[in-house]
Amino acid sequence: MEKDFGIRFTDESYATKDEVKKALNISSIDSIWDKVIQYRTYYTKQLPLRNIEYVPFNIVLPQYLLNKVIKIEKRISSSLVKYIQLSYTNAKDRIVFENDSYLNIVLTLARLYDIKIDHPAALALINKEQETIPVEQLFLYRYVNVLKYIQDNVDEISFAKFIEIYGILRGRTFDLENTSSYIRQTDVNNKQDHVLVGKHYEGAPLERIVPLLEDLVAFLNKSPYCGLINASISYFYILYIKPFEYYNEEMAILIFKFVLTHFDNKNIPSFTNIEEEILSSSKIIDKMMLESEMKFDLTYISNLLIQIFDNSLSLVEEKIMDYEVKELQIDEKEESEEIVLEEKEEIKVNEPLEEKVVEHVNYSENIAIDGVDFEKKISLPKVPVGLDEKDASLIAQHLLEIYPSLKKNQADFYSKHCTIGKYYTIAQYKREQNVVYETARTSMDNLANLGFYKKEQIRNKFVYTPVVRD
């Protein structure tokens, strides 16, 4: 029973004591809660981060949470590959994708903070095309600048980097030696809070701000955990300390993205609109922050932030997919144009059944046009020639008997297009097998995966050349 409660309220959902009580509809659950806590101890890791009263924080990392984090970070890597491919194939689409992502975040912030700005003005702000920026829009402008900065400056995590990010958000450059210029100077706690053990703090006492920030930096530079875990811990610690006079909530989000990007998750975190859900869900965020603070367990807030990021990443994936579909449509158009061109230029050659090579030919001929003498000279390389129709049919049948995963159309095409030294296209397959582009593409890829062709990219299209087989 102990394990059942532990799994239910730890693995299936990382529940608070009140949530367990509500789920079981029991007024007193002390014995059950003890079993839940006992189960969690198997997965508890003590962090080298302490609270204001010098008590260490913990995080619980059951296998289900680790598996979830691994899957999300694999999706980040997959999105990054597609983003890079987008950059390679069409730089204009990459810029549009980036602008769309930033625009989504800017308009979210504008709506939540009641800042008036329309789409054209927001795009102009993102692309730095405005000669003058209205004062009320300066925050949006600087926020986007931080997001762009995060994309290109993730080599190190340091105290100076945190302050540099804060400086961009404030539109200022701070002197690191003068901590009073950027560190909060207003105590947010009542004096009696400083002597009460187990008391909730609105922020760190002034004298503890810098040491606690330095502890966070030291932890991140030695952390054994993956990016999402580190980013979530960073978010909690920034909001717990409240090191700045302004924008602590926004800085917690930006540091989350910065830390996640640093841990081998390039580019994509900047495009995720986690701002939408975090800033719109202040009640649940505050609840999990308080639970983490009072129970010394950062899993509550981390679990919530990981889910929020998961939701936001799905939207980025959908957006990238839209551009992939657009690229596919462009490829189909180019392939159609290529078919027309090939049909106009195609030269049909009939040869004996075995593969032959036409030797290098030099040709010279004297001709006269309107009384003017010309000399026509051409030089042809060796032209490889394939099988005739009869032998190709026999080879196709032979291949189908050896490779059961091969489809008839694929075997038929390969038997007629297996000449070493030649390059074949998806357009050829589409035309000759009378199939749609997507079927032609997957068929050629299947032939390449089976080792019949080597797939190569020339500019913006793929070609396939036969591989010498034993």
Side-chain angles (χ1 to χ4, degrees), residues 75-76 79-80 82-83 86-87 90-152 165-166 168-171 231 235 238-239 246-258 260-261 265-286 304-305 307-326:
R75 287 166 52 205
I76 297 175
S79 296
L80 175 60
K82 293 175 182 178
Y83 166 75
L86 189 66
S87 302
N90 194 325
K92 183 179 179 181
D93 277 351
R94 173 186 61 79
I95 294 171
V96 173
F97 164 76
E98 290 181 357
N99 284 345
D100 282 349
S101 300
Y102 292 140
L103 180 65
N104 190 22
I105 295 172
V106 166
L107 294 178
T108 293
L109 294 173
R111 173 172 52 82
L112 294 173
Y113 294 170
D114 196 25
I115 300 173
K116 293 181 180 179
I117 189 170
D118 57 19
H119 282 229
L123 276 175
L125 181 147
I126 290 166
N127 291 312
K128 300 183 179 181
E129 295 172 345
Q130 292 177 309
E131 292 185 6
T132 57
I133 301 174
V135 174
E136 66 173 356
Q137 296 176 9
L138 279 174
F139 167 73
L140 303 176
Y141 174 76
R142 293 165 181 167
Y143 197 95
V144 171
N145 286 344
V146 177
L147 294 178
K148 293 180 178 180
Y149 172 88
I150 288 172
Q151 283 188 259
D152 301 321
I165 289 172
Y166 183 59
I168 297 171
L169 191 60
R170 290 287 308 277
Y235 176 94
I238 293 295
L239 266 191
Y246 309 99
Y247 302 130
N248 284 295
E249 192 170 13
E250 294 80 7
M251 279 296 294
I253 294 172
L254 292 169
I255 294 299
F256 176 99
K257 291 187 175 186
F258 173 72
L260 180 56
T261 304
N265 297 290
K266 313 292 184 185
N267 294 99
I268 302 303
S270 284
F271 303 138
T272 56
N273 187 8
I274 60 175
E275 289 83 355
E276 173 83 56
E277 200 165 344
I278 289 178
L279 297 174
S280 300
S281 310
S282 57
K283 287 186 179 180
I284 184 63
I285 292 288
D286 291 346
L304 176 59
L305 291 171
Q307 185 56 54
I308 288 175
F309 183 84
D310 188 6
N311 298 340
S312 302
L313 179 61
S314 296
L315 299 177
V316 173
E317 291 171 321
E318 290 175 10
K319 190 173 296 185
I320 291 178
M321 190 178 297
D322 288 341
Y323 282 94
E324 286 185 312
V325 171
K326 179 182 176 182

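No hydrogens, no waters, no symmetry mates; every other heavy atom, side chains included, goes into these values. Along the sequence shown, the residues carry numbers beginning at 1. Because the structure is a prediction, the values reported are computed rather than measured.
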Starting at [atom1] of [X], measure out to [atom2] of [Y] and round the result to the nearest 0.5 Å.
X: Glu275; Y: Ile105; atom1: CD; atom2: CD1; answer: 4.5 Å
X: Asn127; Y: Tyr102; atom1: CG; atom2: OH; answer: 11.0 Å
X: Ser312; Y: Leu305; atom1: OG; atom2: CG; answer: 10.5 Å
X: Ser79; Y: Met321; atom1: OG; atom2: CE; answer: 9.0 Å
X: Lys283; Y: Asp286; atom1: NZ; atom2: CG; answer: 10.0 Å
X: Leu123; Y: Asn99; atom1: CG; atom2: CG; answer: 6.0 Å

Is there a side-chain contact between [X] and [Y] (heavy atoms, below 4.5 Å)?
X: Leu80; Y: Asn265; value: no
X: Phe309; Y: Ile76; value: yes
X: His119; Y: Leu107; value: yes
X: Ile253; Y: Tyr143; value: yes
X: Leu260; Y: Ile274; value: no
X: Ile126; Y: Lys148; value: yes
X: Leu109; Y: Leu279; value: yes

* Asked: Is it true that atom OH of Tyr113 has more than 12 heavy atoms of other residues, nucleotides or ligands lying nearer than 6.0 Å?
  ->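 Atom OH in Tyr113 is crowded, with more than 12 foreign heavy atoms closer than 6.0 Å.
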* **Asp118, CG atom: more than 12 neighbouring heavy atoms under 6.0 Å** =>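 Correct, the count exceeds 12.
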* Asked: Does Gln151 reach the main-chain N or O of Pro269 with its side chain, forming a donor-acceptor pair under 3.5 Å?
  ->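 The answer is no, because no donor-acceptor pair under 3.5 Å joins these two groups.
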* Asked: Is the backbone N or O of Thr272 less than 3.5 Å from a side-chain atom of Lys257, with the two atoms forming a donor-acceptor pair by type?
  ->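 Indeed, once roles are kept as given, a pair shorter than 3.5 Å links the two residues.
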Return the minimal non-hydrogen interatomic distance between [X] and [Y], and the atom names on each side.
X: Thr261; Y: Asn267; value: CG2-N, 4.0 Å
X: Ile150; Y: Leu254; value: CD1-O, 3.5 Å
X: Glu136; Y: Lys116; value: OE2-O, 3.6 Å
X: Ile117; Y: Ala121; value: CG1-CB, 3.7 Å
X: Phe271; Y: Val316; value: O-CG2, 3.7 Å
X: Asn273; Y: Thr108; value: ND2-OG1, 3.0 Å

* Can Tyr235 and Ile285 be said to form a side chain to side chain contact (heavy atoms under 4.5 Å, CB included), step by step? -> CA-CA 11 Å; Tyr235 176 94; Ile285 292 288; 3.6 Å; yes
* Stepwise, does the side chain to side chain contact (heavy atoms under 4.5 Å, CB included) test hold for Ile268 with Arg75? -> CA-CA 10 Å; Ile268 302 303; Arg75 287 166 52 205; over 6 Å; no
* **No-hydrogen, no-angle side-chain donor-acceptor test under 3.5 Å, Tyr141 and Gln130** =>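 Side chains of Tyr141 and Gln130: no pair found under 3.5 Å.
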